[in-house]
Amino acid sequence: QEIETMLAKFTVVATGGCGNIYSSTSNPEVATGDGIAMCHRAKAITENMEFIQFHPTTLYHPGEKPNFLITEAMRGFGAILRLQNGEEFMDRYHPMRSLAPRDITARAIYSEMTKRGEDFVYLDVTHKDPDAVRSHFPNIYEKCLSIGIDITREWIPVTPAAHYSCGGVKVDANGETSVHRLYALGETSCTGLHGANRLASNSLIEAVVYADQAARHASAQLPKVVIQEGIPDWDFEGTQHTEEMLLIIQSKREMQTIMTNYVGIVRSNLSLKRAMRRLAILFEETEELYNKTKPNRELCELRNMIAVAYLVIKQGRELKESVGCHYNADYPPLGERPEEKR
């Protein structure tokens with residue numbers, strides 16, 4: 001519960017992604033976009049923040065956070081996506097049906113759930129050999145069994161959830177941001193490797209290659225850099241009341257609802273405009289609270305999540321097309337426009 005002043009010749013930010021700006025996410029609770037928000041406040045350039053990848057199949061188990069991931073390998077193994085009435089539906093969205101790419105599958109599930117007012121669909125692997133299922137997916141089998149679902153005999157309720165941020169703090173080939181001697185690595189960074197959609201193995205390159213590049217680049221300059229002194233200590237003036245903590249919790253839920261409802265798998269110009277308007281109110285209220293309250297983890301994380309949510313909305317509004325994992329209903333991608341369907 002204290003803030004220390006720490007001076008460094010080089011700063012490396014490797015704080016992961018920002019999945020918790022949404023109500024449902026596969027990310028751990030610490031993935032609140034802190035590093036991206038801090039770099040943004042330090043005036044580092046961010047880009048591609050609108051490209052939030054949603055995993056199509058996480059276990060639907062209300063109240064549990066984060067969402068448990070049902071790997072896509074299960075669909076590769078032969079699992080079939082079904083509506084709650086048992087009907088297969090992916091043939092309406094892609095010729096590869098249940099093997100369709102991740103973003104298309106997530107949108108298809110979202111579309112069917114929205115149409116029917118339902119919170120999940122099913123993933124059916126009951127037609128496969130039970131021993132093979134248990135052998136290939138022991139963790140999923142055990143997890144589902146722990147909540148009363150035997151996946152060799154029963155369908156798995158699944159729902160999409162925020163998964164990976166393709167954008168972040170813009171870096172060069174050394175992992176250095178637009179702010180000299182400030183580095184961003186891993187999911188915090190935007191290296192350009194992912195483009196408009198995430199390729200899973202690229203995260204390994206970001207973690208291993210860019211970390212090594214940053215270490216080499218920083219250590220080569222180390223002897224020449226002088227630390228700037230005279231940084232003032234933190235002013236701890238402020239209050240801490242139970243009422244303020246309740247406001248923080250409520251604001252966090254409100255922010256997550258705004259992002260889920262208006263800046264989710266499918267967006268539109270109107271939904272993004274509405275999200276920005278509502279987020280602006282939360283921003284003002286949170287900054288007012290921050291300026292009169294002793295800092296705590298919950299408040300700092302809320303402030304950071306609002307900053308990252310702002311970037312996702314702002315950069316989403318600037319993109320006038322649907323590409324990769326960013327889908328704006330006002331700009332259908334090639335192949336989905338009315339004139340091309342006729």
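Atoms considered below: every heavy atom in the structure, side chains included; atoms not considered: hydrogens, waters and symmetry mates.
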Give a yes or no on this: more than 12 heavy atoms of other residues, nucleotides or ligands lie within 6.0 Å of atom [atom1] of [X].
| X | atom1 | value |
| --- | --- | --- |
| Arg134 | CZ | yes |
| Lys273 | NZ | no |
| Lys115 | NZ | yes |

To the nearest 0.5 Å, atom CD1 of Ile313 lies from atom CD1 of Ile21 at 8.0 Å

Taken to the nearest 0.5 Å, the spacing of Met259 CE from Cys18 SG works out to 8.0 Å

Has the side chain of [X] got a donor or acceptor atom that lies under 3.5 Å from a matching backbone atom of [Y]?
| X | Y | answer |
| --- | --- | --- |
| Thr71 | Met74 | no |
| Gln53 | Cys325 | no |
| Arg267 | Glu50 | yes |
| Thr293 | Leu289 | yes |
| Tyr164 | Asn27 | no |

*Would Phe137 and Phe77 count as a ring pair (Phe, Tyr, Trp, His ring centres under 6.0 Å) if you check the C-alpha gap in whole Å, the side-chain angles of each, and the deciding distance to 0.1 Å?*
CA-CA 10 Å; Phe137 309 105; Phe77 182 69; 5.3 Å; yes

Taking the six-membered ring for Trp, are Tyr210 and Tyr183 ring centroids under 6.0 Å apart? no

For Tyr93, the side-chain hydrogen bond (donor to acceptor under 3.5 Å, both in side chains) test, sequence neighbours excluded, returns Ser111, Glu112

- Message: Is there a salt bridge (charged side-chain N to carboxylate O under 4.0 Å, His left out) between Glu64 and Lys143? Walk through the geometry before answering.
- Response: CA-CA 12 Å; Glu64 182 177 78; Lys143 172 63 181 178; 2.5 Å; yes

Is the shortest side-chain N to carboxylate O distance from Glu29 to Lys65 below 4.0 Å? no

Validate the cation-pi geometry between Arg82 and Tyr122: distance from NZ or CZ to the six-membered ring centre under 6.0 Å, angle to the ring axis within 45°. no

